Amino acid sequence: MTDCIFCKIIAKEATGSFVYEDEHVVAFMDISQPNPYKVLVVPRLHAPMIYDLNDEQAAAIMQVAVKLSRVIREVSKCEGLSVFQSNGRVANQEVFHFHLHLLPRHENDNHASRRNTVTDRATLDELAADLCAALP
């Protein structure tokens, strides 16, 4: 899908700070980092919403999400993790390529009232490198 920014990131036609890649799943740092180490987990093949995933994609995405959640907890020292995903404009989906958000949470981080901060590429690359180094 040529206008999909996530497809372009996966194809390395756009810049991304990669954390994980296999034949079915890619994970990279979200450009919006309300808390450091927020990661997006996406299917390698374009699927606009959860309804469009096949069973193999869905299983692979969840397995990677669990693996990365453990690594995020280890590296970020977070006390919790928000996992969320939106489908359709009315659910505030902004990029129409399925993506699962993994957001580390800390006591009193007050995420609900914080605006997402856009992080520079060098910082995103450092955060991704931290997570990659901790992968089993």
Side-chain angles (χ1 to χ4, degrees):
M1 179 121 333
T2 55
D3 357 344
C4 173
I5 187 60
F6 289 173
C7 286
K8 289 178 181 179
I9 291 170
I10 292 164
K12 311 273 194 313
E13 295 168 4
T15 306
S17 299
F18 292 86
V19 175
Y20 179 88
E21 292 186 72
D22 68 24
E23 70 178 293
H24 300 290
V25 179
V26 177
F28 47 87
M29 303 308 297
D30 191 341
I31 196 161
S32 297
Q33 293 282 311
N35 290 333
Y37 299 106
K38 181 180 178 197
V39 171
L40 300 178
V41 182
V42 304
R44 185 173 288 281
L45 297 177
H46 186 80
M49 293 184 241
I50 197 168
Y51 320 109
D52 304 305
L53 295 174
N54 63 42
D55 292 346
E56 186 176 32
Q57 287 173 308
I61 288 164
M62 200 54 166
Q63 289 171 346
V64 170
V66 170
K67 178 188 299 190
L68 291 177
S69 294
R70 292 177 182 136
V71 171
I72 291 168
R73 178 178 60 182
E74 175 187 332
V75 171
S76 74
K77 307 296 186 224
C78 62
E79 290 95 11
L81 184 85
S82 292
V83 178
F84 58 97
Q85 196 274 320
S86 300
N87 296 282
R89 292 195 195 290
V90 298
N92 296 319
Q93 184 177 4
E94 294 177 6
V95 177
F96 285 82
H97 184 127
F98 175 92
H99 53 289
L100 189 65
H101 299 253
L102 304 177
L103 174 62
R105 301 300 304 274
H106 302 277
E107 189 71 34
N108 300 317
D109 68 10
N110 202 18
H111 173 70
S113 66
R114 290 180 59 190
R115 295 186 53 125
N116 288 347
T117 55
V118 176
T119 305
D120 63 274
R121 182 59 55 197
T123 301
L124 291 172
D125 288 346
E126 287 175 23
L127 295 172
D130 291 346
L131 295 176
C132 288
L135 279 169

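Keep in mind the model is a prediction, meaning the values are calculated, not measured.
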Could you tabulate the donor-acceptor pairs under 3.5 Å formed by side-chain atoms of residues 67-74, not counting sequence neighbours?
{"from": "S69", "atom 1": "OG", "to": "A65", "atom 2": "O", "distance (Å)": "2.7"}

Minimum heavy-atom distance [X]-[Y], with the two atoms named:
{"X": "C7", "Y": "H46", "answer": "SG-ND1, 3.3 Å"}
{"X": "Q85", "Y": "L100", "answer": "CB-CD1, 3.8 Å"}
{"X": "V25", "Y": "D22", "answer": "N-OD1, 2.7 Å"}
{"X": "P34", "Y": "L103", "answer": "CG-CD1, 3.7 Å"}

For the backbone of [Y] and the side chain of [X], can you confirm whether one donor and one acceptor N or O come within less than 3.5 Å of each other?
{"X": "N54", "Y": "Q57", "value": "yes"}
{"X": "D30", "Y": "K38", "value": "no"}
{"X": "N35", "Y": "P104", "value": "yes"}

To the nearest 0.5 Å, tell me how far [X] [atom1] sits from [Y] [atom2].
{"X": "E21", "Y": "K12", "atom1": "CD", "atom2": "NZ", "result": "3.5 Å"}
{"X": "I9", "Y": "I31", "atom1": "CD1", "atom2": "CD1", "result": "8.0 Å"}
{"X": "L102", "Y": "S76", "atom1": "CG", "atom2": "OG", "result": "11.0 Å"}

Report, one line per pair, each donor and acceptor closer than 3.5 Å where one atom sits in a side chain of residues 124-136; sequence neighbours left out.
{"from": "D125", "atom 1": "OD1", "to": "S17", "atom 2": "OG", "distance (Å)": "2.5"}
{"from": "D130", "atom 1": "OD2", "to": "Y37", "atom 2": "OH", "distance (Å)": "2.5"}

Practice task
Tell me, please, which residues at least two apart from E79 pass side-chain contact (heavy atoms from CB on, under 4.5 Å).
Solution key: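 Expected list: H106, E107.
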Handout entry: Connected via hydrophobic side-chain network under 4.5 Å: V66 and V41
Key =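 Different clusters.
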Practice task
Would you kindly confirm whether V75 and V64 end up in one hydrophobic cluster when ILVMFWY residues are joined by side chain heavy atoms under 4.5 Å apart?
Solution key: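 Same cluster: V75 reaches V64 through Ile, Leu, Val, Met, Phe, Trp or Tyr contacts under 4.5 Å.
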Problem - Pair H99 and H97, ring centroids less than 6.0 Å apart - result: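 Distance test on ring centres: not under 6.0 Å, no.
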Handout entry: Any side-chain heavy-atom pair of H101 and L40 under 4.5 Å
Key =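 Contact flag for H101/L40 side chains = yes.
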Practice task
Check the side chains of E94 and N92 for a donor-acceptor pair under 3.5 angstrom, ignoring hydrogens and angles.
Solution key: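 Judged by distance alone, the side chains do not pair up.
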Problem - Residue that, paired with F6, satisfies side-chain contact (heavy atoms from CB on, under 4.5 Å) out of F98, F96, F28 - result: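 Exactly one pass, corresponding to F28.
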